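Accompanying notes for the structure given below.
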Amino acid sequence: MAILTYREALNRAMVEEMEKDLSIYLMGEEVGHYQGAYKVSQGMLDKFGEERVIDTPISENGFAGIGVGSAMVGLRPIIEFMTWNFSLVAIDQIINSAAKMNYMSGGQFPMPIVFRGAGGAGGRLGAQHSQAFESWYAHCPGLKVVCPATPKDAYGLLKSSIRDNNPTIFIESEVLYGSKGEVPEQEFTIPLGLGEIKRKGTDITLVTWSRALGFAEEAAGILEKEGISVEIVDLRSLRPLDENLIYESVKKTNRAVVVEEGWPVAGFGAQIAYLIQKNAFSYLDHPVERVTQMDVPMSYAANLERLSLPNATRVADTIREMLQ
Amino acid sequence: MVFSIPKDSQSVSELKEFYRQMVLIRKFEEAAAKAYSVGKIGGFLHLYIGQEAVGVGSIAALTPKDYIVSTYRDHGHALARGLNPKPLMAELFGKGTGISKGNGGSMHFFDRNAHFMGGHGIVGGHISLAAGIAFASKYKKEDSVTICFFGEGAANIGSFHEGLNLAAIWKLPVVFICENNHYAMGTPEYRALAVKDVSVRAYAYDMARDHIEGDEVRKVKDHVQVAVERARRGEGPTLIEVSTYRFRGHSMSDPAKYRTKEELEAYKKKDPLMRARHELELGGIKTEELDKMDLEIQSQIDEAYQYAETSPEPPLSQLHKYVYAEDK
Ligand SMILES: Cc1ncc(C[n+]2csc(CCOP(=O)(O)OP(=O)(O)O)c2C)c(N)n1
């Protein structure tokens with residue numbers, strides 16, 4: 001096993017896939033000469049040249065559209081958004097073109113494109129630079145939405161996303177880029193739509209993904225000392241969704257809480273809560289609870305940012321209350 | 001280098017005032033950089049050092065009723081507008097006494113009273129906002145003019161093209177000022193712009209244009225003044241490109257490896273502050289007087305730093321405040 005950072009794992013996945021398939025290219029702001037704004041594409045320009053690692057001007061709508069157009073005629077683009085905040089400039093191409101192309105053409109135009117980049121709340125970047133976007137994109141049929149939390153998952157899921165014939169929204173966690181973990185040296189992939197039990201437990205099911213997995217694990221550690229056993233389901237991808245993994249766990253624990261980085265209203269956790277009550281209602285001993293970012297734009301002030309984001313304490317408090 | 005020596009007392013005092021403002025910006029940002037490096041300021045910090053003459057010269061062409069729209073590189077524009085450095089520094093520190101009450105940070109200075117319409121973080125998005133503010137001035141038959149700053153990188157985004165076209169067809173009172181510092185993050189202009197001279201794009205919108213060097217503060221003012229007056233007369237917008245340079249990286253986290261030391265040194269020789277200082281000396285101002293001025297500004301900045309440091313964080317009760325406007 002090699003120990004890789006989350007960013008190195010992503011880099012390795014792209015490099016391996018690009019070595020195998022000439023139709024794959026990487027495009028975005030600063031991906032080449034600058035080696036990536038967050039250094040995810042470090043070394044790739046040297047390896048693949050300017051034809052395949054392509055720096056763009058600040059023109060998100062333009063290069064997202066170029067990606068979609070090129071995918072219509074056989075290329076397999078990886079489009080990097082420096083951060084997902086800037087994808088809003090391109091959201092028309094992502095939703096109105098990429099997500100709907102195969103459908104509206106009666107299956108003539110599959111869309112093998114990956115949109116990827118940094119997401120979530122960074123260290124005090126303020127309202128326009130700190131936001132979790134997975135709920136926005138998971139709303140749209142036609143898109144796949146992937147949110148890895150560990151280097152291993154980042155590697156295996158990115159490879160699957162690149163090989164997938166559908167548009168994939170691959171949201172990396174900005175604060176996890178430097179985090180380290182074991183990644184097998186042998187090549188492998190992780191199918192989209194396969195969650196993972198990251199921690200076994202018996203008292204409550206905690207459903208989460210991406211950075212919030214860290215809050216969940218920390219909370220589970222705290223609660224373990226109090227004799228509370230938490231099972232953590234890491235969804236890894238929101239579309240497709242590993243529903244059965246959630247239900248199986250809830251059947252065992254009879255309680256569920258969803259922990260996510262995004263806002264509460266119409267957030268993805270609401271969908272999970274709905275599905276659990278619909279499909280595992282008779283197993284529930286408590287309404288499904290959620291721990292989310294506060295329902296406010298992100299403040300710059302350190303104390304308000306802290307208050308705004310979900311954290312282990314809030315998760316642990318919620319679980320204690322549910323078990324009372 | 002050709003120096004334009006201030007000849008009469010009026011131009012001397014104008015240049016002196018410009019010099020004072022530029023030094024204020026420089027020292028403010030040097031203090032901010034220091035605070036950032038010891039973790040007192042978080043997030044992104046984009047410095048304006050090297051570009052001071054653009055903001056100071058441009059904003060000097062405005063009256064208090066005119067509007068200013070800025071980017072995430074907004075400290076210089078705010079100070080040139082005459083905003084007090086104390087609440088600006090406090091904003092950088094994330095304090096409740098900040099100009100945006102700590103909610104905004106470095107990229108989001110706002111001052112409604114001063115018609116300082118914000119630092120905005122999404123590249124180019126604010127260009128159509130500026131057109132909108134100018135639209136309102138025209139709508140309300142007020143003769144305010146809006147100036148909008150942005151980088152050459154922003155000239156590639158849809159909002160630039162749409163904003164300029166709308167401003168042109170409706171003859172909105174707005175002046176678009178492209179501060180071309182030749183890099184958008186690590187991307188040099190030649191890799192981002194099909195036509196490097198941004199001001200030439202004005203032709204596409206049948207708009208007046210201008211293109212100047214940004215190291216000479218009075219020249220910037222004179223040129224922007226022409227555009228502001230044109231806008232005020234109802235003759236529509238102007239696109240002005242001002243060539244300038246940032247001495248630091250894109251933000252504090254950028255080591256700026258994409259440019260050479262020689263290039264940086266060459267531009268540092270054209271430092272607008274040094275130039276203004278030299279011209280003041282040629283105009284008869286004593287070095288000692290300028291040194292004294294520098295010291296006074298430094299103590300003003302020290303005070304702002306102190307104020308920011310000792311101000312309280314915003315109250316936790318502020319978290320849900322301002323998400324929606326309060327009823328009147
Ligand atoms: C739409 C969008 N894309 C990308 C970014 C990230 N970003 C912030 S500043 C910047 C460079 C902008 O360069 P320029 O417009 O020339 O202004 P300068 O920083 O040189 O003043 C980039 C790419 C962003 N904030 N918004």
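In the text below, chain A, chain B and the rest are named by the order of the sequence lines, each starting its count at 1. Only a predicted model underlies this, so the values are computations on that prediction, with no experimental measurement involved.
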Determine which pairs satisfy side-chain hydrogen bond (donor to acceptor under 3.5 Å, both in side chains) with at least one residue from residues 44-53 of chain A, sequence neighbours left out, and list them in order. A/His33-A/Glu50
For a quick check under 3.5 Å, do A/Gln42 and A/Asn11 share a side-chain donor-acceptor pair by atom type? no
For the candidates A/Ala302, A/Ser59, A/Ala37, which exhibits the highest count of non-hydrogen atom pairs separated by less than 4.5 Å from chain B? A/Ser59
B/Arg209 and B/Tyr203 side chains, donor-acceptor separation under 3.5 Å: yes
Which of residues 150-157 of chain B get closer than 4.5 angstrom to chain A, counting heavy atoms alone? B/Gly153, B/Asn156, B/Ile157
Donor-acceptor contacts, no H, no angles, side chain residues 317-326 of chain B, under 3.5 Å, sequence neighbours left out:
from: B/Gln318; atom 1: NE2; to: B/Lys101; atom 2: O; distance (Å): 3.1
from: B/Gln318; atom 1: NE2; to: B/Asn103; atom 2: OD1; distance (Å): 3.1

B/His250 and A/Glu30 side chains, donor-acceptor separation under 3.5 Å: no
Go through the structure and list residues passing ring-ring contact (aromatic ring centres under 6.0 Å, His included) with A/Tyr38, not counting sequence neighbours. A/Tyr177
Please identify, among B/Ile41, B/Leu316, B/Val123, the residue contributing the most non-hydrogen atom pairs under 4.5 Å to chain A. B/Leu316
Side chain, backbone, both or neither of A/Met298 within contact of chain B (heavy atoms, under 4.5 Å): backbone
What part of B/Leu193 lies closer than 4.5 angstrom to a heavy atom of chain A: side chain, backbone, both or neither? neither
Given that the side chain runs from C-beta out, which part of A/Tyr34 has a heavy atom under 4.5 Å from chain B: side chain, backbone, both or neither? side chain
Are A/Glu261 and A/Gln293 close enough that a side-chain donor and a side-chain acceptor fall under 3.5 Å? no
Should the pair A/Arg124 and A/Tyr300 be classed as cation-pi, given the thresholds of under 6.0 Å to the six-membered ring centre and 45° from the axis? yes
Chain B heavy atoms under 4.5 Å from A/Asp55: which part of the residue, side chain, backbone, both or neither? side chain
Do you know which of B/Glu91, B/Met107, B/Lys95 has the most heavy-atom pairs under 4.5 Å to chain A? B/Met107
Counting the benzene-type ring for Trp, do B/His120 and B/His108 have ring centres under 6.0 Å apart? no
What part of B/Phe44 gets within 4.5 angstrom of chain A, counting heavy atoms only: side chain, backbone, both, or neither? both
Taking the six-membered ring where the residue is Trp, are the ring centres of B/His126 and B/Tyr72 under 6.0 Å apart? no
